[in-house]
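Below is one structure; the comments refer to it alone.
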Amino acid sequence: MKLYFFTKNIPGLGALSLKQRMTLLEDAGRRMSVPEKTLLNVLKLLVIVPVFVLILRTATDWTSLVWAFLVFLLYPIVVKPLQYSLSAKYIKLPDNTSSPKE
C-alpha cells in the first residue's frame with residue numbers, strides 16, 4: 001500500500017480542485033470496508049487518548065501540556081496519510097476529469 005501525504009498525489013486527483021478532491025475522498029471514505037474503518041478509528045484513538053491523558057497531568061506537571069501538543073501533531077502526520085491511502089482505492093472519478101471546473 002502506497003502512502004499519500006497530500007491529496008494531489010493520489011492518482012487521478014492532481015488536476016482537481018481541493019473542494020472536488022475532498023468531496024471524492026469523503027465519498028470514498030463512506031465506501032471503505034468495516035475492517036478498514038475500524039483500523040482507522042483505532043489509530044485515531046491511539047493518537048487522541050494520550051493527548052487527553054497528558055492534558056489531565058498538567059495539574060502536577062505543566063510540561064505535559066507541551067508533550068500533549070507534540071503528540072497531537074502526530075494526527076496529521078500519521079492518520080491522514082493512512083486515511084488517504086485506504087480511501088484511494090474507493091475513489092470514483094467523474095467522467096469529465098480532463099477539464100475540472102473551479
Side-chain angles (χ1 to χ4, degrees):
M1 174 175 70
K2 185 176 178 183
L3 286 177
Y4 300 106
F5 290 94
F6 302 102
T7 57
K8 279 192 171 193
N9 296 344
I10 298 173
L13 297 185
L16 299 175
S17 69
L18 179 61
K19 183 178 179 181
Q20 291 170 324
R21 290 192 307 261
M22 288 292 117
T23 303
L24 288 173
L25 280 171
E26 186 178 327
D27 292 339
R30 288 188 198 117
R31 288 190 205 103
M32 286 191 327
S33 67
V34 173
E36 290 171 330
K37 286 181 184 180
T38 304
L39 172 71
L40 195 57
N41 288 333
V42 167
L43 183 63
K44 288 177 186 178
L45 279 174
L46 288 175
V47 173
I48 292 173
V49 168
V51 170
F52 288 108
V53 170
L54 288 168
I55 288 173
L56 290 173
R57 289 188 44 161
T58 57
T60 58
D61 184 18
W62 68 271
T63 57
S64 63
L65 195 59
V66 174
W67 285 108
F69 178 72
L70 292 175
V71 171
F72 189 68
L73 289 178
L74 287 176
Y75 187 83
I77 295 171
V78 174
V79 175
K80 284 299 180 182
L82 187 62
Q83 180 180 0
Y84 295 156
S85 300
L86 289 173
S87 297
K89 61 184 171 184
Y90 297 104
I91 292 176
K92 293 187 179 180
L93 295 172
D95 293 334
N96 57 356
T97 56
S98 60
S99 59
K101 297 177 183 176
E102 295 188 28

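Residue indices begin at 1 and follow the sequence shown.
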Practice prompt. State plainly whether one hydrophobic cluster holds both Val66 and Val71, where clusters connect Ile, Leu, Val, Met, Phe, Trp and Tyr through side-chain heavy atoms under 4.5 angstrom apart.
Written response: yes

Worksheet item: Are Tyr84 and Leu18 in one and the same hydrophobic cluster, where Ile, Leu, Val, Met, Phe, Trp and Tyr link if side-chain heavy atoms are under 4.5 Å apart?
Response: yes

Response to the item:
For Leu16 and Gly12 the tightest heavy-atom approach is CD1-O, 4.1 Å

Worksheet item: Does Trp67 belong to the same Ile/Leu/Val/Met/Phe/Trp/Tyr cluster as Phe69, with side-chain heavy atoms less than 4.5 Å apart forming each link?
Response: yes

Worksheet, complete the sentence: d(Leu65 CG, Leu54 CG) to nearest 0.5 Å is 9.0 Å

Practice prompt. State the NZ-CG distance between Lys80 and Leu3, to the nearest 0.5 angstrom.
Written response: 14.5 Å

Practice prompt. Could you pull out the closest heavy-atom pair between Thr23 and Lys19, with the gap in Å?
Written response: OG1-O, 2.8 Å

Discussion item. Quick check: do Asn41 and Lys44 have side-chain heavy atoms less than 4.5 Å from each other?
Written reply: yes

Fill in: Separation of Leu82 CG from Leu43 CG (nearest 0.5 Å)
6.0 Å

Worksheet item: Is Ile10 close to Leu25 at the side-chain level, that is, under 4.5 Å between some pair of heavy atoms?
Response: yes

Worksheet entry | CE-OG1 distance between Met32 and Thr38, expressed to the nearest 0.5 angstrom | 9.0 Å

Worksheet item: Can you list every side-chain hydrogen bond (donor to acceptor under 3.5 Å, both in side chains) pair that touches residues 1-12, not counting sequence neighbours?
Response: Thr7-Arg21

Worksheet item: Under a single-linkage definition using a 4.5 Å side-chain heavy-atom cutoff for Ile, Leu, Val, Met, Phe, Trp and Tyr, are Ile48 and Val53 assigned to the same hydrophobic cluster?
Response: no

Fill in: Distance, nearest 0.5 Å, that separates OG of Ser87 from NZ of Lys37
9.5 Å

Worksheet entry | Within 6.0 Å of OH in Tyr90, more than 12 heavy atoms from elsewhere | yes

Practice prompt. Only counting residues at least two apart or in another chain, list the ones meeting side chain to side chain donor-acceptor pair (under 3.5 Å) with Tyr75.
Written response: none

Discussion item. Please tell me whether Ile55 and Leu73 are part of a single hydrophobic cluster in this structure, the criterion being side-chain heavy atoms less than 4.5 Å apart.
Written reply: yes

